[in-house]
*Asks:* 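Supplied in C-alpha cells, the structure appears directly below.
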Protein chains: 2
Amino acid sequence: MDNQDIRKAGLKVTLPRVKILELLENSTQRHVSAEDVYKMLIDKDEEIGLATVYRVLTQFEAAGLVTRQNFEGGYAVFELDRGGHHDHLVCVVCGKVEEFVDTTIEKRQREIANEHGFEMVDHSLIIYGHCGNPKCHVG
Amino acid sequence: MDNQDIRKAGLKVTLPRVKILELLENSTQRHVSAEDVYKMLIDKDEEIGLATVYRVLTQFEAAGLVTRQNFEGGYAVFELDRGGHHDHLVCVVCGKVEEFVDTTIEKRQREIANEHGFEMVDHSLIIYGHCGNPKCHVG
DNA sequence: AATGGTGATGAGAATCTTTTTCATTACAAG
DNA sequence: CTTGTAATGAAAAAGATTCTCATCACCATT
Ligand SMILES: [Zn+2]
Ligand SMILES: [Zn+2]
Ligand SMILES: [Zn+2]
Ligand SMILES: [Zn+2]
C-alpha cells in the first residue's frame, strides 16, 4: 500500500490522497467514518477539506483500495481493503466490531443467488449482538 | 393486522397510524421508503405529514410490526413484518428485491457469534447481484 | 354529550451526512 | 519552467431524518 496504489488507480498522487491512505493504514480503528478521517487529519494539522475526504474515499472505493460499510446509524464507515473479504460482528451496546469469514456462508450465498436466478456481485452480512464484555449484557 | 395491533403496541388508534398500516398491508411493493409512504398517502388524498410518517414507522418498528432495512442508497426501506424473518437479494441494476430464508446460514450465524463470544440479537444479510432480467446483465 | 388530560399531529426549522459548485491551486508531462 | 488538466477547499446545496412547538384528537371520566 503506497503511492503506486494511488497511481494504479488512475489518480494523481496528491497530498490529501497520500495522507488519507497513510491514515487508514496506521489508524488503530479499522472502521472509520468520513468525519472520523477528517477529524483525525485535523488533529495531525493536515488542512484537508471534508469534501475532499469524501471524494478521496469514494475514489479509493472505486479503485478497490477501500471498502464502504453501511452499519446502522445513517452514515458509512470505510476500511482499508487488506486483501481478504470479510463480514462483521457488531456489539449493539458498545459498538465493538469484529471481523470474520465463513466459507459455509460464503458458498451458500452464491448458491442462493443462483437458485433465484441472480448472479451475485457483492453482499453485506452484519451480525448484531452483545459482545463478551459484561457491561454489554442484559439481565 | 388491524387496529388491535396498534393498541397492543401501546399506541393510540389514530387516523395516520391506521392509514399507514393499511397502506403497508395493501401496497404491491413490500419494501417502501418513508418518502414512498408519504407520496402514496398524498395520492390517496390523505393529508399526513412526512414527519408523522417517520414517527409512525419508527413506532411500528419498535413495536415489532415493521422491519427497517438499510439497502444501499442512503435511505431506509420499511416492510410489514408478516411473521417470518427473511433476508434479501437485491438487483444492483433494476432494484428488484427478492426474499429468502436459509436455515444453514441462520444457524451458522449464531454459531459464529458464539465463537466470538457474542450473543446474536439480530443480523442483516443482503446479497447484491444481477437478476434474471436480460437488461440487468453485463457483457 | 360535554370536559379535560395526555398523547399525537403538522409545518417548518433544524440536524446530519453526503454531494455539488466554482474559483483557485498543484500535479506531472513536455 | 510552462502549461493543461485534474484536484482542492469553502461554501452552498441536496437528501434523509429528527426536533420543536403550537394546535388538535383520542378516550376515560363526569
Ligand atoms: Zn459490547
Ligand atoms: Zn471490516
Ligand atoms: Zn437471516
Ligand atoms: Zn423483505
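Heavy atoms only: backbone and side chains are in, while hydrogens, waters and symmetry mates are out. Proteins come first, then strands; the chains are lettered A, B, ... in the order of their sequence lines, and each starts at number 1.
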*Asks:* Side-chain donor-acceptor contacts of residues 38-56 of chain B below 3.5 Å, not counting sequence neighbours, with atom names and distances?
*Replies:*
unit_1: B:Thr52; atom_1: OG1; unit_2: B:Arg55; atom_2: NH2; d: 3.3

*Asks:* Just verifying a value: how many Å separate B:Glu119 CD and A:Cys131 SG, rounded to the nearest 0.5 Å?
*Replies:* 11.0 Å
*Asks:* Expected output is a numbered-order residue list: members of residues 26-45 of chain A with a heavy atom under 4.0 Å from any atom of DNA chain D. What is it?
*Replies:* none
*Asks:* For residues 121-131 of chain B, pull every pair meeting salt bridge (charged side-chain N to carboxylate O under 4.0 Å, His left out), keeping only residues two or more places apart or in separate chains.
*Replies:* none
*Asks:* For B:Phe118, what are the other residues in its hydrophobic cluster, where any two members join if their side-chain heavy atoms are less than 4.5 angstrom apart?
*Replies:* A:Leu89, A:Phe100, A:Ile105, A:Ile112, A:Phe118, A:Met120, A:Leu125, A:Ile127, B:Leu89, B:Phe100, B:Ile105, B:Ile112, B:Met120, B:Leu125, B:Ile127
*Asks:* Run the side-chain donor-acceptor check on residues 10-21 of chain A: report pairs under 3.5 Å with partners two or more places apart or on a different chain.
*Replies:*
unit_1: A:Arg17; atom_1: NE; unit_2: A:Gln59; atom_2: OE1; d: 3.4
unit_1: A:Arg17; atom_1: NH1; unit_2: A:Lys12; atom_2: O; d: 2.9
unit_1: A:Arg17; atom_1: NH2; unit_2: A:Gln59; atom_2: OE1; d: 3.3

*Asks:* Would you give me the side-chain donor-acceptor pairs under 3.5 Å for residues 68-80 of chain B, sequence neighbours excluded?
*Replies:*
unit_1: B:Arg68; atom_1: NE; unit_2: B:Glu61; atom_2: OE1; d: 3.0
unit_1: B:Arg68; atom_1: NH2; unit_2: B:Thr58; atom_2: OG1; d: 3.2
unit_1: B:Arg68; atom_1: NH2; unit_2: B:Glu61; atom_2: OE1; d: 3.1
unit_1: B:Glu79; atom_1: OE1; unit_2: B:Arg30; atom_2: NH2; d: 3.0
unit_1: B:Glu79; atom_1: OE1; unit_2: B:His31; atom_2: NE2; d: 3.1
unit_1: B:Glu79; atom_1: OE1; unit_2: B:His86; atom_2: NE2; d: 3.2
unit_1: B:Glu79; atom_1: OE2; unit_2: B:His86; atom_2: NE2; d: 3.0
unit_1: B:Glu79; atom_1: OE2; unit_2: B:His88; atom_2: NE2; d: 3.2

*Asks:* Walk me through it: do A:His85 and A:Thr67 pass the test side-chain contact (heavy atoms from CB on, under 4.5 Å)?
*Replies:* CA-CA 9 Å; A:His85 157 82; A:Thr67 300; over 6 Å; no
*Asks:* With heavy atoms under 4.0 Å as the rule, sort A:Tyr75 into base, sugar-phosphate or nothing.
*Replies:* sugar-phosphate
*Asks:* Sequence neighbours excluded, which residues qualify as salt bridge (Lys or Arg N to Asp or Glu O under 4.0 Å) partners of B:Arg7?
*Replies:* none
*Asks:* Tell me, for nucleotides 19-30 of chain D in 5' to 3' order, what letter each nucleotide earns: B for a base near a protein heavy atom under 4.0 Å, S for only sugar-phosphate near one, - for neither?
*Replies:* BB-----BS---
*Asks:* Quick one: label B:Ile48 by what it contacts on the DNA or RNA (base, sugar-phosphate, nothing), any heavy atom closer than 4.0 Å.
*Replies:* sugar-phosphate
*Asks:* Check whether any side-chain heavy atom of B:Val32 sits under 4.5 Å from a side-chain heavy atom of B:Ser27, and report yes or no.
*Replies:* yes
*Asks:* Restricting to ring-ring contact (aromatic ring centres under 6.0 Å, His included), what partner residues turn up for A:His116, sequence neighbours left out?
*Replies:* none
*Asks:* Just how far, in rounded Å, is P of D:dA16 from CD of A:Glu72?
*Replies:* 19 Å
*Asks:* Can you work out whether A:Pro16 or B:Thr58 has the more 5'-proximal nearest nucleotide on DNA chain D?
*Replies:* A:Pro16
*Asks:* Give the rounded distance in Å between these two atoms: CZ of A:Phe60 and P of D:dA7.
*Replies:* 11 Å
*Asks:* Could you tell me which residues satisfy salt bridge (Lys or Arg N to Asp or Glu O under 4.0 Å) with B:Asp102, sequence neighbours excluded, listed by chain and number?
*Replies:* A:Arg108
*Asks:* Determine yes or no for a side-chain-to-main-chain donor-acceptor pair under 3.5 angstrom, with B:His130 supplying the side chain and B:Cys136 the backbone.
*Replies:* yes
*Asks:* Between B:Tyr54 and D:dT17, is there a side-chain N or O to OP1/OP2 distance below 4.0 Å?
*Replies:* yes
*Asks:* Extract the stems that DNA chain D is part of, considering only consecutive pairing runs of at least three Watson-Crick or G-U wobble pairs, both distances under 3.5 Å.
*Replies:* C:1-30 with D:1-30
*Asks:* With a 4.0 angstrom cut-off to heavy atoms of chain B, pull out the first and last contacting nucleotide of DNA chain C, in 5'-to-3' order.
*Replies:* C:dT6 to C:dG12
